[in-house]
Amino acid sequence: MISFKKVCKSYPGSPEILKDIDLEISEGELVFVTGPSGAGKSTLLKLISALEKPSSGSIIFEGQSLSKFKNKDIPILRRRFGMIFQDHKLLYDRNCFENVALPLEINNMSKADTYRRVRAALDKVDLLQKEKIMPITLSGGEQQRLAIARAIVSRPSILIADEPTANLDKEYAEEIMNIFYSFQQVGVTVIISTHEIPVTNINFKRLQLNGGAIQNLIGHVQLP
Amino acid sequence: MMIIVIGITLCLPSAGLLVIENASQISKNIEHEAEISIFLKKDISKDQIDFIELSLKKNSLVKKIHFEPKLIAWAKLQSKLDVEIGSSVSTNPLPDAFFISLNTLDQIKIEKLINNLDGIDGIDDIIIDGNWIKKLRVILSLGKLSVMFLAILLVIVLLVVIGNTIRLQTLTYKDEIEVSKLIGATNAFIQRPFMYTGMLYGLGGGLITISLLKLSVFGLNKALFKLVSVFGTDITFKGLPDEYYLYILILAMFVGLISSYISANNSIRRLKIYK
Ligand SMILES: Nc1ncnc2c1ncn2[C@@H]1O[C@H](COP(=O)(O)OP(=O)(O)O)[C@@H](O)[C@H]1O
Ligand SMILES: [Mg+2]
């Protein structure tokens with residue numbers, strides 16, 4: 001589904017962060033991107049979701065190279081990813097419902113469909129009763145769930161989450177991870193960056209970032 | 001507030017245009033009354049007069065011909081001066097004359113006509129009463145040029161002023177722009193509301209300009225009407241042709257659109273997100 005061929009990435013005026021990365025992500029996989037702080041996890045996720053372009057090498061989406069995409073097709077490609085950013089990127093001048101509705105606005109969806117879909121997404125993350133509330137008043141875990149609701153509302157085929165449990169208590173973190181697993185169970189590709197691999201009984205792939213190089217590690221079924 | 005700034009800014013060149021349009025309207029009317037006086041020789045014969053009249057009639061540049069025999073001219077002059085000069089002056093000092101009006105102000109054509117007339121026997125002197133019109137026209141076209149220059153300058157000012165206002169708005173919506181871009185909004189989608197705003201500024205400003213212009217024409221004419229009743233002259237100040245008002249609106253909206261497009265585009269590019 002997504003493959004990297006000798007991908008390097010450096011930001012202007014800084015040394016190379018990712019070097020000669022080769023990787024392959026298949027449809028429906030659960031992928032953990034691990035590595036210490038500053039290893040380039042966020043950068044890798046931004047490359048996958050076409051928010052950054054590689055300095056060299058090629059990224060291939062379903063057989064088509066990113067560099068071959070026309071300008072106007074890049075936004076369309078991005079809509080196929082449900083992104084959960086490290087800092088949530090919620091809009092604090094909109095209520096919960098309006099935050100989740102944003103991707104559908106971008107997709108020009110009708111009012112009625114938007115209403116139905118947003119409520120379904122909020123229900124999925126257990127925030128339906130807070131739809132009229134401003135996100136600033138939510139707890140950290142609730143804000144994370146709101147960000148997930150916004151990511152899933154347009155039913156993306158790939159969910160990408162950047163350290164979604166970093167600042168959460170253990171029980172909240174488990175709750176969040178369970179939401180992601182439930183999407184993986186119904187066929188969504190799920191890519192999560194994290195400091196440490198959570199305990200799970202699902203098959204997963206682990207991409208370990210270590211000073212620019214990537215190690216492909218395949219996880220195994222872990223029973224609780 | 002913004003709209004009033006735009007309205008007044010656009011008013012300056014438009015008002016200039018209004019004045020110039022009116023002045024050139026007047027100069028056009030005068031143009032058609034531009035006259036040449038042809039004074040004939042004292043001893044001219046009736047045949048020669050007929051011949052001159054005929055050749056004037058045949059000339060396509062000549063619009064109107066008026067022949068004034070010396071006797072009538074003499075009588076007119078006397079009645080004007082209200083004295084019996086005839087008693088002190090033994091002979092009529094005035095010549096026969098043709099007064100013709102032309103349908104052109106083209107200097108080359110007029111000179112050619114005069115050269116032709118000069119060759120005809122019996123013509124003593126030709127006087128053109130049109131030189132000052134030429135000067136007026138030069139002044140008017142200079143005026144037009146400076147109005148255009150002013151308009152260009154002010155359009156640039158508007159681009160900057162509207163652009164800056166929209167830029168402030170993009171700062172207010174900074175997060176919204178960023179998140180939208182991150183989750184797959186096209187640039188057009190993000191720019192659209194700002195461009196609507198810019199265009200509305202232009203529309204509102206343009207409407208204010210038009211109202212101000214119409215109002216000032218109306219006010220001027222009211223004042224003129226009072227003058228007319230005192231002096232009995234017949235002058236009215238005309239508004240700009242209707243299509244000019246449309247041009248002002250289109251220009252204002254276009255300026256709003258362009259400047260808001262640039263501002264919104266800059267705000268997206270500042271995010272440094274790929275494409
Ligand atoms: N936009 C950017 N411009 C310049 N340097 C950046 C940018 N984003 C990240 N970096 C640098 O790239 C390195 C990797 O960052 P990041 O991908 O966020 O790592 P991680 O998510 O694993 O902590 C860091 O040293 C960071 O300072
Ligand atoms: Mg990071």
Side-chain angles (χ1 to χ4, degrees), chain A residues 9 11-12 42-43 45-55 59 66-94 98-108 135-136 147 150-154 156 158-160 162, chain B residues 1-3 159 161-204 253-254 256-275:
Chain A
K9 177 66 185 174
Y11 292 103
S42 297
T43 303
L45 296 188
K46 282 180 195 161
L47 285 168
I48 291 174
S49 53
L51 293 171
E52 289 285 350
K53 81 175 176 105
S55 315
I59 300 175
L66 178 68
S67 59
K68 296 259 160 57
F69 274 84
K70 293 199 187 83
N71 279 4
K72 66 176 171 52
D73 291 332
I74 294 282
I76 313 284
L77 173 69
R78 262 175 217 148
R79 286 179 215 174
R80 299 192 38 208
F81 301 104
M83 289 288 295
I84 295 123
F85 302 96
Q86 200 164 2
D87 53 352
H88 308 328
K89 298 218 184 287
L90 295 170
L91 296 172
Y92 291 100
D93 55 353
R94 293 179 168 224
E98 290 161 344
N99 264 280
V100 177
L102 185 64
L104 304 181
E105 259 175 61
I106 288 168
N107 261 323
N108 254 330
I136 196 78
R150 188 181 65 191
I152 62 175
V153 74
S154 48
I158 304 155
L159 264 180
I160 299 175
D162 197 353
Chain B
M1 182 57 210
M2 187 66 215
I3 293 174
L159 275 173
V161 170
I162 300 177
N164 204 45
T165 307
I166 299 289
R167 192 183 64 85
L168 290 178
Q169 280 181 19
T170 62
L171 289 180
T172 312
Y173 289 100
K174 195 169 129 288
D175 294 343
E176 201 131 356
I177 292 170
E178 185 193 0
V179 173
S180 302
K181 180 81 180 158
L182 286 173
I183 64 177
T186 57
N187 289 359
F189 177 89
I190 295 170
Q191 284 161 342
R192 204 172 299 140
F194 297 107
M195 287 167 75
Y196 281 142
T197 309
M199 215 162 69
L200 277 181
Y201 279 152
L203 179 67
M253 287 168 75
F254 189 67
L257 203 68
I258 292 289
S259 53
S260 53
Y261 172 84
I262 293 171
S263 295
N265 201 40
N266 283 344
S267 76
I268 294 171
R269 278 205 290 174
R270 231 174 290 128
L271 294 171
K272 295 203 162 69
I273 295 170
Y274 176 53
K275 285 184 179 165

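Keep in mind it's a predicted model, so treat the numbers as computed, not measured. So that the names make sense, note that chain A is the first sequence line, chain B the second, and so on, each numbered from 1.
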Listed partners of A:Phe81 passing ring-ring contact (aromatic ring centres under 6.0 Å, His included), at least two apart: A:Phe61
Does any heavy atom of chain B fall under 4.5 Å from the side chain of A:Ile160, the backbone, both, or neither of them? neither
Is it the case that atom CZ in A:Phe69 sees more than 12 heavy atoms from other parts of the structure closer than 6.0 Å? yes
Only pairs under 3.5 Å, no angle test: what donor-acceptor pairs are there between chain B and chain A?
unit_1	atom_1	unit_2	atom_2	d
B:Glu176	OE2	A:Arg94	NE	2.9
B:Glu176	OE2	A:Arg94	NH2	2.5
B:Glu178	OE2	A:Lys89	NZ	3.1
B:Gly184	O	A:Arg79	NE	2.7
B:Gly184	O	A:Arg79	NH2	3.1
B:Tyr274	N	A:Leu51	O	3.1
B:Tyr274	O	A:Arg78	NH2	2.3
B:Lys275	NZ	A:Asn71	OD1	3.4

B:Met2: partners by side chain to side chain contact (heavy atoms under 4.5 Å, CB included), with sequence neighbours left out: B:Ile6, B:Val161, B:Ile162, B:Thr165, B:Tyr201
With B:Asn164, which residues qualify under side-chain hydrogen bond (donor to acceptor under 3.5 Å, both in side chains), at least two apart? B:Arg167
Check whether A:Leu51 gets within reach of chain B through its side chain, its backbone, both or neither, counting any heavy atom under 4.5 Å. both
If you count heavy atoms of other groups shown closer than 6.0 angstrom to CZ of A:Phe85, is the number above 12? yes
Note: vs chain A, highest number of non-hydrogen pairs under 4.5 angstrom among B:Ala185, B:Ala188, B:Gly184 is B:Gly184
